[in-house]
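Please read the structure below before turning to the comments.
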There are 2 protein chains.
Amino acid sequence: MARANLTPERLFSAAAELADLHGFDSVTASAVARHFGVQPASLYSHVRDREALLDGVQRFALGELGERVSHGIAGRSGSEALHGFASANREYAQERPGAWQALQRTASTETATSPQAQRVSALTIALVRGYGLHESQYVHAARFVGAALNGFLSQSRAGAFDHQETELAQSWQAMLEALDRSLRSWPAKDAEQ
Amino acid sequence: MARANLTPERLFSAAAELADLHGFDSVTASAVARHFGVQPASLYSHVRDREALLDGVQRFALGELGERVSHGIAGRSGSEALHGFASANREYAQERPGAWQALQRTASTETATSPQAQRVSALTIALVRGYGLHESQYVHAARFVGAALNGFLSQSRAGAFDHQETELAQSWQAMLEALDRSLRSWPAKDAEQ
DNA sequence: GTTTTTAACCTAAGGGATGTAGGTTGGTGG
DNA sequence: CCACCAACCTACATCCCTTAGGTTAAAAAC
C-alpha cells in the first residue's frame with residue numbers, strides 16, 4: 001500500500017479546489033480524504049480537525065490573493081493602483097469562488113497573524129499610501145477600501161443585489177470612482193485629533 | 001401528548017435566538033428540535049429541509065434589520081440619515097450576532113424577492129435619494145453604501161482587522177465620513193452615459 | 001356533544017460526517 | 001538487514017439529516 005504523501009499544504013490546496021468545484025460548504029474531511037483515496041481518519045495525522053483544515057484553506061486563499069493583488073498594483077499608484085487592486089480581488093472571486101469564500105470565515109489567531117494575511121494588509125496600506133494620506137489615516141482608509149470591495153463582491157455573490165451583468169459592472173465602476181473620490185478628498189487629520 | 005404548536009415563523013425566530021447564543025453554524029434541525037422538545041423529524045412538517053430553515057432565519061433577520069433601519073433614518077436626510085442607517089446596521093450586528101450572520105448567506109430566490117429584502121433595499125435607495133443624486137445612480141450608490149457597511153462589519157467580525165476598540169470606532173467614523181463625501185460628490189450622470 | 005378528518009407529531013431506518021483509540025505497515029536511517 | 005516512527009487503517013461511538021410509514025391531538029363536520 002503506497003502512501004499518499006499527504007502534507008497539510010497538499011490538503012489545503014486540494015480542499016480549495018474542491019471548494020471551487022462543489023462549494024465551500026462541501027469541503028469536509030471525508031470529501032478531501034476521498035479525493036486522495038485515503039480514509040477520513042487519516043487526515044488527522046496532518047490536521048487537528050476540520051476547523052484546522054478550513055483555516056488552512058483560508059491561509060492558502062490569502063496567499064493566492066496576495067500574489068494577485070501584488071501584481072495588480074505593481075508600478076501603479078492612485079486611481080490606477082485602485083483599479084488594479086480591485087480587479088485582482090474581483091478576478092480572484094470569479095476564478096476561485098470556493099477559495100474566495102474561505103476568506104469570509106472568521107479568522108483564527110494563527111491566520112490573522114499569518115504572513116499571508118500581513119502581506120494583503122501591507123498591500124492595502126501601500127495602495128492608500130499612494131493617495132498621499134496622512135500616515136495616521138492609513139489603517140482607516142485601508143479598512144474602508146477592503147471593506148467596500150469585499151462587501152460588494154460578497155453581496156453580489158450572495159444574491160443581495162438584484163442584478164443584470166451590465167448593471168452590476170456599472171455599479172462596480174461607480175464604486176471604484178466613489179472610492180477614488182473619497183480617497184483623494186481624505187482629510188489630512190493628524191494623530192492629535 | 002400536547003403539541004408544540006410549531007409554525008415556520010416560530011422555528012425561524014427560535015433558530016435566530018440559538019444562533020445568537022451559540023453561533024450560526026450550530027443551528028441545526030436537531031438543535032431547534034431540542035429547543036422545542038420535539039424530535040428532529042418533526043420539523044419537516046414545517047420546513048422542507050435544513051436549508052429552508054436557514055433561509056427562513058435569513059428572512060427573519062432581514063425583517064428585523066429593516067425595522068431598525070427604518071427607525072434609524074426616519075425624519076433624516078444626508079449625513080444624518082447615513083449615520084442613522086449605519087448605526088442601525090452596526091447595532092443589529094452587535095445585538096443579534098447570530099441573526100446578523102444569517103444575512104451573509106447566499107440568498108435563495110424566495111429570500112431575494114421577499115418583502116423584507118425589498119424593504120431594506122428601498123430604505124437604502126431612500127438614503128441615497130436624500131443626497132440628491134440623479135435617479136440613474138440610485139442603485140449604484142445604494143449598492144456601494146450597503147457593501148461598504150456590511151463589508152466593514154463582516155471583516156471586523158471575521159478578524160480581518162487587527163484592532164483595538166477605539167481604533168475600530170475611529171475607522172468606522174472615518175468610513176462614514178468617506179461615504180458621506182463620496183455621496184455628496186457623486187457625479188450627476190444621466191442614463192445616456 | 002360525537003364522529004371524522006387532517007396534519008402534526010413519533011418511530012424506525014438508512015446514509016453521511018467527525019474524531020478518538022489502538023493496530024498495521026511503508027519508508028527512512030543506522 | 002533491522003529498528004523505529006509516523007502515516008495510514010479499522011473499529012467504534014456520537015451526532016446530524018431526511019424519508020417513510022404509523023399514531024394521535026386538534027380541528028372540522030355533523
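Just so we're on the same page: letters track the sequence lines, and every chain starts at 1. Everything quoted here is computed from the prediction, not taken from an experiment.
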Show the distances under 3.5 angstrom between N or O atoms of the protein and N or O atoms of nucleotides 2-5 of chain D.
none

Those residues that, when tested against [X], pass side-chain contact (heavy atoms from CB on, under 4.5 Å) (two or more places apart):
| X | value |
| --- | --- |
| B/Y44 | B/A29 |
| B/E80 | B/R76 |
| A/A41 | none |
| B/S30 | B/T28, B/R34, B/P40 |

Counting just side-chain N and O atoms, does [X] come under 4.0 Å of either OP1 or OP2 of [N]?
| X | N | value |
| --- | --- | --- |
| A/H46 | D/dC8 | yes |
| A/S42 | D/dA7 | no |
| B/R34 | D/dC16 | yes |

Sugar-phosphate only, base, or nothing, as touched by A/A31 at under 4.0 Å among non-hydrogen atoms: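 Counting heavy atoms under 4.0 Å across all strands, no contact is made by A/A31.
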Restricting to salt bridge (Lys or Arg N to Asp or Glu O under 4.0 Å), what partner residues turn up for [X], sequence neighbours left out?
| X | value |
| --- | --- |
| B/E67 | B/R119 |
| B/E51 | B/R105 |
| B/R59 | B/E110 |

Is there any protein nitrogen or oxygen under 3.5 Å from a nitrogen or oxygen in nucleotides 18-21 of chain D, and what are the pairs?
from, atom 1, to, atom 2, distance (Å)
D/dT18, OP2, B/Y44, OH, 2.8
D/dT18, OP2, B/R50, N, 2.9

Rounded distance in Å - [atom1] ([X]) to [atom2] ([N]):
| X | N | atom1 | atom2 | value |
| --- | --- | --- | --- | --- |
| B/L43 | D/dC16 | CG | P | 13 Å |
| A/Q39 | C/dT18 | CD | P | 13 Å |
| A/N5 | C/dG27 | CG | P | 8 Å |

Any donor-acceptor N/O pair, A/R90 side chain to A/W172 backbone, under 3.5 Å: no
Taking distance alone, no hydrogens or angles, what donor-acceptor pairs closer than 3.5 Å link side-chain atoms of residues 150-157 of chain B to residues at least two apart or in another chain?
from, atom 1, to, atom 2, distance (Å)
B/N150, ND2, B/Q104, OE1, 2.8
B/S156, OG, B/F152, O, 3.1
B/S156, OG, B/L153, O, 3.0

Heavy-atom pair of closest approach, residues A/Q58 and A/T106: OE1-O, 4.2 Å
Listing, residues 94-101 of chain B side-chain donor-acceptor contacts under 3.5 Å, not counting sequence neighbours, or none:
from, atom 1, to, atom 2, distance (Å)
B/E95, OE1, B/R68, NH1, 3.0
B/E95, OE1, B/R68, NH2, 2.9
B/R96, NE, B/D20, OD2, 2.4
B/R96, NH1, B/E64, OE1, 3.2
B/R96, NH1, B/E64, OE2, 3.0
B/R96, NH2, B/D20, OD2, 3.0

Interface residues of residues 14-28 of chain A with DNA chain D (non-hydrogen, below 4.0 angstrom):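 Going residue by residue through residues 14-28 of chain A, none turns out to have a heavy atom under 4.0 Å of DNA chain D.
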